[in-house]
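To keep things clear, I will list the structure first and then write my remarks on it.
Remember, it's a predicted structure, so these values are computed and weren't measured experimentally. Both backbone and side-chain heavy atoms feed into the values below; hydrogens, waters and symmetry mates do not.
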Amino acid sequence: MNIFAEFHARIAALLQKMGAEGRLPASLDMARFVVEPPREASLGDLACNAAMVFAKEVKASFSNPRQLAIELAAALSEMPDVDQAEVAGPGFLNIRLKIEVYADILRAILREGQNYGRGASGRFKATKVNVEYVSANPTGPMHVGHGRGAVFGDALANLLEFAGSQVTREYYINDAGAQVDVLARSAYLRYLEALGEAVTVPEGLYPGDYLKPVGAALVAKFGESLRGKAEGEWLAPVRAFAIEAMMDMIRDDLAALNITHEVFFSERSLHDTSNGPSDVATAIEDLRQKGLIYEGRLPPPKGQLPEDWEDREQTLFRSTRFGDDVDRPLRKSDGAFTYFASDIAYHSKKIAAGYDVLVDVWGADHGGYVKRMSAAVAALSDGKVALDVKLCQLVKLMRDGEPVKMSKRSGDFVTLREVVDEVGVDAARFMMIYRKNDAPLEFDLAKVIEQSKDNPVFYVQYAHARAHSVLRQALAVFPGLDVSPARLAEADLALLDDENEWALIKLLAQYPRVVESAASAHEPHRLAFYLHDVASFFHSHWNRGKDQPQLRFVNQDRRDLTCARLALVTGLMNVLASGLSVLGVKAPEEMR
RNA sequence: GGCCCCGUAGCUCAGCCGGAUAGAGCAACUGCCUUCUAAGCAGUAGGUCGCAGGUUCGAAUCCUGCCGGGGUCGCCA
């Protein structure tokens, strides 16, 4: 039950009725106006800007927006659940609901449990959506930056699913470029090492110790059979083996963050020609049919010219037709396809799979790539499929306010796994979502495990634990009390007599709207901030009980009032647990 | 130099496809609590929303141009 969406629909119906009566234009775009919580709670429960938004369209029938607002207010005032509807300022419509509406909402929360807030509501349109995230190169362990994209993508996928979309979580394995050959050579070196040879890792190969077990595993599988062979003979098998080993490691690291992808898509498979033309060739042919491929020259890049720049004619995709800055090459000078060509084929496969929306989560260093990819998706899908690229900024790893040194030299850097092992999944996940994706993130290893109100992870989890603690306490005072949600929903909520109790319920009533807006904006951090707000309000109300014992949730002299308050606490617990689960963070029953 | 992201209180950041007097936490200042409902509480102060224009009933939000920070700039992924 989304009260904001509900009233948006009612007001839209009123406007349509006026349209049918010829007093307004018949085709107003109802998506243009909003029903939202007013800035000041004292103004009411709902605020609507419809009259002002349609100021131009209503000029013929109304002398000013206020007049339309007044008429809407009059109609709304007639509705049984509306206490008061009035017009403020230039035409704001402020609506105050009868208190029973919120009692109903609380009962709905208790009844629906973890389904409260689930499903498409309001503006969010449920679609078939593909979220591609992580896609770290299979050449080594993931670092903290990968972790941010991983957590962001996973939380977004959860959020979209919760909001009603059909979601596929996907990982694109870059297993086709030169870097996996480097991986293979590096692993081969460790293979020789495992056979007893003394090796030093030359410049240009991956030096990390993590390849030593791979070397040993190669010995276990191939024995000495690869020793002394030409590279052409061992490269492919070693490469395949090493990539598989790296992917196993990456999957383990992701599992430690509670992240599981449904699809792992191999870039290499796009180049497979065993069943006719490769997917890359097919995708480019598709674009050629659309007249978007040509042979031509590009102007040299501005600024610092690459050393090996040569002016040559090449195969280009006309991405400028879709808003890109220059047309983009599809073949390297050696004739092989560029990475971009693979990516075109990859997205073409996703489009063919019938997704309405594609989300790519990338590191901020790939920002320059967004326009060409959007152009490609627009071209391939004839503008029917939307691509939203979410760029995640860097993570600055700190400890007690001091930056943690991360030298990439000698492969000695802080891995994602080390961080997760140190602070735990919950802290890692919550902190990485508790920031907009395109803002840099400071991640302080000491602060995220601190048990204080300054630590948002703890603060929100503790609110949930505290709610459970209240229930435990109630059971101690009233042994055998039935505190199941179903039973509490029957409590006499009219006994709730403190305005903050109702304010808390109103905050819980916003949950579906928060889900809707966070999902449609692809911004899971909004949910994290909302949960922090809810926790904050709850803690603050709980603390009032210190000075004013009559406000405490458990009142041993008044079983009926206690039950009403437990209904509130349980509803709150429900929303916190639901939101945390969407973010992939545990909702503990106690903090010990 | 082109393109992308960022610029909001001393610090770290929110501000929901334009909406009402721009918010929170930390730090600062002032009280309270010292034991109950376990990890303090309440309050005060603090902003030219980088700058300058523009769009309109109305701009932190949209547009243009600057300034500052970061990223990126045929064949790497």
Rounded to whole angstrom, note down the C1' distance from B/C26 over to B/A14. 15 Å
For A/Glu40, which contact category applies under a 4.0 Å heavy-atom criterion: base, sugar-phosphate, or nothing? nothing
Rounding to a whole Å, what distance do you find between A/Asp438:CG and B/C13:P? 12 Å
Below 4.0 Å: OP1/OP2 of B/C57 and any side-chain N or O of A/Lys56: no
A/Arg39 side chain N/O closer than 4.0 Å to the phosphate oxygens (OP1, OP2) of B/A20? yes
Give a yes or no on whether a salt bridge exists between A/Asp426 and A/Lys586, defined as a side-chain N under 4.0 angstrom from a carboxylate O. yes
Presence of A/Lys436 side-chain N/O under 4.0 Å of B/G15 phosphate oxygens OP1/OP2: yes
Rounded to whole angstrom, note down the P distance from B/A59 over to B/A20. 10 Å
Look at the rings of A/Phe265 and A/Tyr346 and say which category their plane angle falls in: under 30° parallel, 30 to 60° tilted, over 60° perpendicular. tilted
What integer number of Å spans the C1' atoms of B/G47 and B/C51? 16 Å
Starting from the 5' end of RNA chain B, give me the residue, A/Ser517 or A/Gly368, whose nearest nucleotide shows up first. A/Ser517
Looking at A/Lys436 and A/Glu523, is there a salt bridge between them, counting it only when a charged N and a carboxylate O are closer than 4.0 Å? no
For atom P, what is the distance between B/G25 and B/U21, given to the nearest Å? 23 Å
Identify, between A/Gly367 and A/Ala88, the residue whose nearest nucleotide on RNA chain B lies closer to the 5' end. A/Gly367
Relative to the ring of A/Phe340, is the ring of A/Tyr369 parallel (under 30°), tilted (30 to 60°) or perpendicular (over 60°)? perpendicular
Charged N to carboxylate O below 4.0 Å: is that the case for A/Glu170 and A/Lys350? no
At under 4.0 Å between heavy atoms, what does A/Asn49 touch on the DNA or RNA strands: base, sugar-phosphate, or nothing? base
Whole Å only: how far is the CE atom of A/Met52 from the C1' atom of B/G18? 10 Å
Quote, to the nearest angstrom, the P distance that separates B/G58 from B/G19. 14 Å
Would you check if the distance from the ring center of A/Tyr133 to the ring center of A/Tyr171 is below 6.0 Å? no
With 3.5 Å as the limit, what N/O pairs link the protein to nucleotides 32-41 of chain B?
| unit_1 | atom_1 | unit_2 | atom_2 | d |
| --- | --- | --- | --- | --- |
| B/C36 | O3' | A/Arg552 | NH1 | 3.2 |
| B/C36 | O2' | A/Arg552 | NH2 | 3.1 |
| B/U37 | OP1 | A/Arg552 | NH1 | 2.9 |
| B/U37 | O2 | A/Trp542 | NE1 | 2.1 |
| B/U37 | O4 | A/Arg552 | N | 3.4 |
| B/A39 | OP1 | A/Arg466 | NH2 | 3.4 |
| B/A39 | OP2 | A/Tyr462 | OH | 2.4 |
| B/A39 | OP2 | A/Arg466 | NH2 | 2.3 |
| B/A39 | O2' | A/Gln451 | O | 3.1 |
| B/A39 | N1 | A/Gln451 | OE1 | 2.9 |
| B/G40 | O2' | A/Lys546 | NZ | 3.1 |

Students often get this wrong, so: under 4.0 angstrom with heavy atoms, is A/Ala55 touching a base, only sugar-phosphate, or nothing? nothing
Taking atom P in both B/A45 and B/G18, compute the distance separating them and give it to the nearest angstrom. 33 Å
Going by centres under 5.5 angstrom and planes under 30 degrees, do the aromatic ring of A/Phe92 and the base ring of B/G19 stack? no
Taking the six-membered ring of A/Phe317 (Phe, Tyr or Trp), confirm whether the NZ or CZ of A/Arg328 is under 6.0 Å from its centre and within 45° of its axis. no
When the P atoms of B/G46 and B/G23 are considered, how many whole Å apart are they? 13 Å
Could you check whether A/Asn555 gets within reach of a base, just the sugar-phosphate, or nothing at all, counting any heavy atom under 4.0 Å? nothing
When the ring centroid of A/Tyr462 is compared with that of A/His539, is the distance short of 6.0 Å? yes
Distance between the P atoms of B/G50 and B/C16, in whole angstroms? 14 Å
Return the nearest nucleotide to the side chain of A/Gln393; candidates are B/C5, B/A20, B/A77. B/C5
In dot-bracket form, how is RNA chain B paired, counting a Watson-Crick or G-U wobble pair only if both its distances are under 3.5 Å and using | for bases paired to another strand? (((((((..((((.....[...)))).(((((.......))))).....(((((..]....))))))))))))....
How is A/Tyr369 classified with respect to the nucleic acid when contacts are heavy atoms under 4.0 Å: base, sugar-phosphate, or nothing? base
Taking only N and O in the side chain of A/His532, is any of them less than 4.0 Å away from OP1 or OP2 of B/C13? no
Could you work out which one of B/G74, B/G71, B/A20 sits closest to the side chain of A/Pro329? B/G74
From the set B/C76, B/G19, B/U72, return the single nucleotide nearest to any side-chain atom of A/Tyr339. B/C76
Ionic contact status for A/Lys447 with A/Asp454, cut-off 4.0 Å: no
Where the side chain of A/Asp454 is defined as all heavy atoms beyond and including C-beta, which of B/A77, B/G15, B/G25 is the nearest nucleotide? B/G25
Once you apply a heavy-atom cut-off of 4.0 Å, does A/Arg435 come out as touching a base, just sugar-phosphate, or nothing? sugar-phosphate
Should the ring pair A/Phe162 and A/Tyr511 be called parallel, tilted or perpendicular, given that the plane angle runs from 0 to 90° and is split at 30 and 60? tilted
Determine the contact category for A/Ala364: base if any of its heavy atoms lies under 4.0 Å from a base atom, sugar-phosphate if only primed atoms, P, OP1 or OP2 are that close, otherwise nothing. sugar-phosphate
Only residue of A/Phe152, A/Phe529, A/Tyr459, A/Phe458 satisfying ring-ring contact (aromatic ring centres under 6.0 Å, His included) with A/Tyr434 is A/Phe529
A/Gln314 near the nucleic acid: base, sugar-phosphate alone, or nothing, with a heavy-atom cut-off under 4.0 Å? base
